[in-house]
Amino acid sequence: MTNSTGKALTNAEKQQRYRDRQKQSGKKELRGYLTPEAISCYEEIQKKTDWSDSMLLSNAIRLMYAAHKCGQVGILNSWLTEHKR
C-alpha cells in the first residue's frame, strides 16, 4: 500500500485507515477486559458459532438489549449466578 505521495504506509497509518473506514460504515470500536468466567463463555460460544470477535460482541449486546426490553435480565443474571458462569 502507498499513500498519495508514493511512499509506503506504516502499520499505524494502515490501522488508522481501517478504523476510519469502519467508522464511516457506522461501526464503533469497544474495548474491555473479560473475567475468567466470561472468557470460558466466550470460548464456548465461539466454538459453537464460529463467530468473529466483532460478531460475538455485536450479538451479545443485541441479545442483552432484547433481554432488557423483555424484562428478562434478572432471570438471566440469576441463571448465570446459579451456574457459576
Side-chain angles (χ1 to χ4, degrees):
M1 287 194 152
T2 60
N3 60 15
S4 59
T5 62
K7 288 177 37 180
L9 295 174
T10 65
N11 282 339
E13 290 171 326
K14 291 176 187 177
Q15 290 170 1
Q16 186 61 48
R17 288 180 62 195
Y18 175 77
R19 286 191 297 271
D20 290 342
R21 283 194 309 270
Q22 295 303 312
K23 285 179 187 175
Q24 288 173 353
S25 68
K27 296 179 181 175
K28 178 180 173 79
E29 182 179 7
L30 297 174
R31 296 177 189 229
Y33 294 95
L34 299 177
T35 63
E37 296 86 0
I39 291 172
S40 71
C41 294
Y42 165 84
E43 289 170 348
E44 185 177 333
I45 291 169
Q46 192 177 36
K47 285 178 189 172
K48 289 182 180 181
T49 62
D50 288 328
W51 288 343
S52 67
D53 289 345
S54 295
M55 185 65 72
L56 236 164
L57 179 60
S58 292
N59 286 337
I61 291 172
R62 293 174 62 234
L63 288 167
M64 190 67 193
Y65 178 76
H68 162 70
K69 285 304 217 182
C70 296
Q72 303 298 312
V73 173
I75 293 170
L76 292 173
N77 197 40
S78 296
W79 185 93
L80 289 169
T81 303
E82 289 170 11
H83 291 86
K84 295 181 177 141
R85 297 298 287 203

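All values below come from the heavy atoms of this structure, side chains included, with hydrogens, waters and symmetry mates left out. Note that the coordinates shown come from a computational prediction; the quantities given were computed from them, not determined experimentally.
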Rounded distance [0.5 Å steps], CD1 in I61 versus CG in L57: 4.0 Å

Please determine, by modelled atom types, if Q15 and N11 share a side-chain donor-acceptor pair under 3.5 angstrom. no

Does this structure show an ion pair linking E13 with K7, if we count only N-O contacts that are shorter than 4.0 Å? no

Side chain to side chain, K14 and Y18, heavy atoms closer than 4.5 Å: no

From L76 CG over to T81 OG1, what is the distance, rounded to the nearest 0.5 angstrom? 10.5 Å

How many angstroms lie between atom NE2 of H83 and atom CD of E37, to the nearest 0.5 angstrom? 14.5 Å

Supply the members, apart from M55, of the Ile/Leu/Val/Met/Phe/Trp/Tyr cluster built from side-chain contacts under 4.5 Å; use none for a lone residue. Y42, I45, W51, L56

Short side-chain donor-acceptor distance under 3.5 Å, R19 and Q16: yes

